[in-house]
Amino acid sequence: MPVVAIIGAQWGDEGKGKVVDMLAEKSSMVVRFAGGDNAGHTVINPLGKFKLHLIPSGIFYPGVSCIIGNGVVVNPASLISELEMLEEHNVDTRGLIISDRAHLIMPYHMLFDELEEKSRGKMAIGTTLRGIGPAFTDKVARMGIRMGELLDKRSLRRRLAAVIEEKNTILTRVYQAEPLSVEEVYSEYARYADRLKPYIKDTVGLIDKSLENEELVLLEGAQGAMLDLDFGTYPFTTSSSPLSGNASLGSGVAPNRIDRILGIFKAYCTRVGSGPLPTELKDEMGDKIRETAQEYGTTTGRPRRCGWFDGVAARFSAQINGFTGAVITRIDVFDSFPSLKVCVAYNLKGKEIRRFPASISDLEQCRPVYEELPGWRQDTTGVRKWEDLPPQAQNYINKLSSVMGCQVNLACIGPERAQTIEVNPVF
Ligand code: GDP
């Protein structure tokens with residue numbers, strides 16, 4: 001059985017949770033490899049409707065190991081409340097495993113996130129203020145504290161004392177803020193350690209065993225490719241890499257062991273927070289997409305910015321991720337639309353281009369070049385087979401496949417597991 005990476009292909013919120021939830025049925029392990037509790041998946045299944053931020057979406061299948069990989073930054077309070085929420089709904093959480101190499105989000109990370117966003121003024125990134133960026137910054141600065149360190153409280157206290165001393169200098173001298181107390185932070189994190197201890201493990205060997213047994217292993221991404229630190233709309237990006245390359249780094253699964261890379265796309269585009277979104281519709285059409293699709297953030301409740309499908313960004317995303325196939329979600333959102341547009345190129349300063357520019361100022365000046373396609377004006381939510389989809393919907397999906405240069409494996413016509421149509425087999 002193969003290893004499948006599930007990657008957000010646009011600006012996040014594409015419906016990765018649903019796809020993981022569906023594929024997890026046959027898998028033995030789901031490994032989340034990036035982001036933190038700034039990501040949010042909504043999963044609807046026979047047990048109910050769940051909003052997950054850290055725990056992989058495979059948790060609903062007893063016997064599936066759900067690993068929070070080394071590439072994730074973990075807010076322990078948020079993880080514990082997610083565990084409690086699942087337990088209240090009688091979901092068996094014994095399958096959860098947290099990599100001892102995953103970094104912790106600390107109280108000072110949340111403080112710095114807020115202070116730094118304020119000091120950016122007009123250039124604010126629009127972060128979720130959950131301390132994710134500062135936690136990844138500390139990881140790179142080699143000042144991070146890892147899950148495994150919760151297992152040795154004496155050394156945890158020593159590390160905290162050193163790091164907090166440095167953080168307090170910045171808090172008090174640069175931001176004129178109150179210093180943090182080492183004792184308070186220590187006693188809070190010692191409590192988390194007691195609660196989370198049974199879940200913290202060295203995950204490399206565990207994953208390797210599943211691979212050796214040829215079990216299906218899913219690598220679950222967070223956010224989307226266009227928010228990647230290197231290839232996204234920098235500096236309006238996330239602070240870890242949502243790309244397929246990081247599925248390997250953030251989990252410990254070597255690149256040559258990944259067999260399939262699935263790019264999850266919405267039938268249109270959305271973005272939360274600041275930064276370029278070339279096909280954004282700031283008119284009634286944008287409102288219509290938002291209201292029909294109920295595009296409001298899982299984590300923050302913020303209205304998402306909406307626009308037509310951006311084929312230029314999609315092709316770029318397919319290229320840098322090496323998608324073996326795509327999943328197009330939310331086809332049903334367009335059920336009542338008389339016609340649809342797909343962006344096939346950008347017009348930049350009078351010249352037609354088909355590449356995705358690196359420069360923010362170029363991206364802001366790009367005007368989408370659209371092709372218009374007829375809508376299908378039919379309810380597709382009950383369709384289960386490709387041949388039963390209206391020809392205009394088939395035509396729309398085929399168009400997206402050809403603009404992004406990648407085959408489509410699945411099309412989704414609703415949030416539930418069964419509301420999925422196989423276009424080409426994944427395996
Ligand atoms: P994720 O972070 O990529 O998992 O995405 P979110 O959970 O933020 O957003 C996806 C939302 O779309 C969830 O509420 C899903 O239940 C829902 N969803 C997924 N696929 C479809 C679909 O084909 N149609 C509709 N209407 N909703 C879908």
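Numbers here are sequence positions counted from 1. When a ligand or atom number is given, it counts from 1 through the structure's own listing order.
Considering only non-hydrogen atoms, atom 26 (N) of ligand 1 lies nearest to Asp332 out of Leu52, Val333, Asp332. Closest to atom 11 (C) of ligand 1 by heavy atom, among Lys16, Glu220, Arg330, Lys266, is Arg330. The residue among Ile7, Asp13, Ile6 with a heavy atom at the shortest distance from atom 9 (O) of ligand 1 is Asp13.
Ligand 1 does not have Gln10 within reach: every non-hydrogen atom of the residue lies 4.0 Å or more from it. Within the 4.0 Å heavy-atom shell around ligand 1 one finds Gly414.
Within the 4.5 Å cutoff, side-chain heavy atoms of Tyr189 are placed close to those of Pro107. Contact of the Gln319 side chain with the Arg355 side chain is not registered, since no non-hydrogen atoms from C-beta on lie closer than 4.5 Å.
Side chain of Asp100 to backbone of Met147: no donor-acceptor contact under 3.5 angstrom is found. The main-chain N or O of Ile55 is found under 3.5 Å from a side-chain atom of Glu82 such that the two form a donor-acceptor pair.
Near Lys18, with a cut-off below 4.0 Å to any heavy atom, the atoms of ligand 1 are 19 (C), 20 (N). Listed by number with element, the atoms of ligand 1 under 4.0 Å from a non-hydrogen atom of Arg304 are 8 (O). Within ligand 1, the atoms closer than 4.0 Å to a non-hydrogen atom of Glu14 are 3 (O), 5 (O), numbered from 1 in the order shown.
Considering both main-chain and side-chain atoms, Gly15 comes within under 3.5 Å of ligand 1 through a nitrogen or oxygen pair. The shortest N or O to N or O distance between Ile44 and ligand 1 is not below 3.5 Å. Taking any N or O of His41, backbone or side chain, at least one lies under 3.5 Å from an N or O belonging to ligand 1.
Sparse packing is recorded around CD of Glu284, with 12 or fewer heavy atoms of other residues, nucleotides or ligands lying under 6.0 Å away.
At a heavy-atom distance under 4.0 Å, no atom of Ile264 approaches ligand 1.
For the pair Lys266 and Phe309, the cation-pi test (distance below 6.0 Å, angle within 45°) is failed.
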Tabulate below the donor-acceptor pairs under 3.5 Å that side-chain atoms of residues 274-282 make, not counting sequence neighbours, or state none.
residue: Ser274; atom: OG; partner: Ala124; partner atom: O; Å: 3.2
residue: Ser274; atom: OG; partner: Ile125; partner atom: O; Å: 3.4
residue: Thr279; atom: OG1; partner: Trp308; partner atom: O; Å: 2.7
residue: Glu280; atom: OE1; partner: Arg305; partner atom: NE; Å: 3.2
residue: Glu280; atom: OE1; partner: Arg305; partner atom: NH2; Å: 2.9
residue: Glu280; atom: OE2; partner: Arg305; partner atom: NE; Å: 3.1

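Using a 4.0 Å cut-off between charged nitrogen and carboxylate oxygen, Lys118 and Glu116 do not count as a salt-bridge pair.
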